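Values below: all heavy atoms of this structure, side chains included; hydrogens, waters and symmetry mates excluded. Atoms within each ligand, like the ligands themselves, are counted from 1 in listed order. All values derive from a computational prediction rather than experimental measurement. For this chain, numbers begin at 1 and follow the sequence in order.
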Amino acid sequence: MQITIVDHPLVQHKLALLREADVSTNKFRLLTEELARLLAYEATRDLALEPTSIQGWCGEVTVRKIKGKKLTVVPILRAGLGMLGGVLDLVPSAKISVVGLARNEETLQPEPYFEKFVGSLDDRLALIIDPMLATGGSMVATIDMLKRKGCQHIKAIVMVAAPEGVRLVNACHPDVPLYCAALDSHLDEHGYIIPGLGDAGDKIFGTK
Ligand code: PRP
Ligand code: URA
């Protein structure tokens, strides 16, 4: 299974707080943003740099800046929106592409209801964000959409992943690296990650 588990103490501590059954909406939202920031730091570690000359305080100096077009962050609605602020704290000039998918609670298949991508996807890194990778259906559908639009460089950040979802994404899209805070045990009979976080979208939005 190909996935990077970010085992930084701050990541693991924040994840532990997120797993508490009585966590409030406010706290869940805050922790989700904080965790997204730390995971995005790891996922952007290998961005390519290029040397460039600038006028510094003492004259010309060669510095290094991120190469190429601005990356696009791709939150999967709804729950992915909860991670967006944290990622944008690190990459404030990122472009935002949005994918709306709802998982059918009976079939567990993702049902698309919205998509709006930025232009020039063939020249950008796309950073997909979604708190939960369960069966992997939503992630695979999002990667399929991005690739259909010409995107060739894709990474995905989730907070918690299930082995079932990692296997599916690895099998369908072996070129897409995955980053998470935890690889959990398994899915239950309703497709929920065990031990997981419960319904991340409901916890972020305060629904149910
Ligand atoms: C959740 C989650 C993922 C998806 C994961 O969203 O945020 O998008 O389920 O499940 P999968 O890996 O089995 O596809 P959900 O469809 O519940 O919608 P929401 O974000 O609106 O709560
Ligand atoms: N979606 C969630 O929000 N949680 C899960 O455990 C699985 C899918």
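Distances below 4.0 Å separate heavy atoms of Ala79 from the following atoms of ligand 1: 7 (O), 20 (O). For ligand 1, the atoms lying closer than 4.0 Å to a non-hydrogen atom of Gly201 are 22 (O).
A side-chain donor-acceptor contact under 3.5 Å links Asp144 and His173. Inspection of the Thr207 and Arg78 side chains reveals an N or O donor paired with an N or O acceptor under 3.5 Å. There is no side-chain donor-acceptor pair under 3.5 Å between Asn104 and Gln109.
Protein heavy atom closest to atom 14 (O) of ligand 1, with residue, atom name and distance, is Ser138 OG, 2.6 Å.
Near ligand 2, residues Arg103, Met132, Ala134, Gly191, Tyr192, Ile193, Gly198, Asp199, Ala200 each place a heavy atom inside the 4.0 Å sphere around the ligand atoms.
Residue contacts with ligand 1: Ala102 is included, with a non-hydrogen atom under 4.0 Å away. Heavy-atom distances between Leu77 and ligand 1 reach below 4.0 Å in at least one pair. Using a non-hydrogen distance threshold of 4.0 Å, Pro110 does not register as a contact of ligand 1. At a 4.0 Å cut-off, at least one heavy atom of Met132 sits close enough to ligand 1 to count as contact.
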Under the criterion side chain to side chain contact (heavy atoms under 4.5 Å, CB included), I'd like the reasoning laid out for Ser120 against Lys69: C-alpha separation, chi angles, the key distance, then a yes or no. CA-CA 9 Å; Ser120 306; Lys69 278 203 174 298; 3.7 Å; yes
Derivation of the side chain to side chain contact (heavy atoms under 4.5 Å, CB included) call for Leu71 and Lys95: CA-CA 6 Å; Leu71 65 80; Lys95 307 285 184 182; over 6 Å; no
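When distances from atom 20 (O) of ligand 1 to the protein are checked, a heavy atom turns up under 4.0 Å. Within a 4.0 Å radius of atom 1 (C) of ligand 1, the protein has no heavy atom. The nearest protein heavy atom to atom 6 (O) of ligand 1 is not closer than 4.0 Å.
Glu60 has its side chain out of reach of Ile54: every pair of non-hydrogen atoms, C-beta onward, lies at least 4.5 Å apart.
In summary, Asp122 and Lys147 do not engage in a salt bridge, as defined by a charged side-chain N under 4.0 Å from a carboxylate O. Using a 4.0 Å cut-off between charged side-chain N and carboxylate O, Asp89 and Arg37 make a salt bridge.
Within 6.0 Å of the CG atom in Leu90, the count of heavy atoms belonging to other residues, nucleotides or ligands exceeds 12. Surrounding NE2 of His13 are at most 12 heavy atoms belonging to other residues, nucleotides or ligands under 6.0 Å away.
For Tyr192, the side chain to side chain contact (heavy atoms under 4.5 Å, CB included) partners two or more places apart in sequence, or in a different chain, are Arg103, Asp188, His190, Asp199.
In Thr135, the parts holding a heavy atom less than 4.0 Å from any atom of ligand 1 are both the side chain and the backbone.
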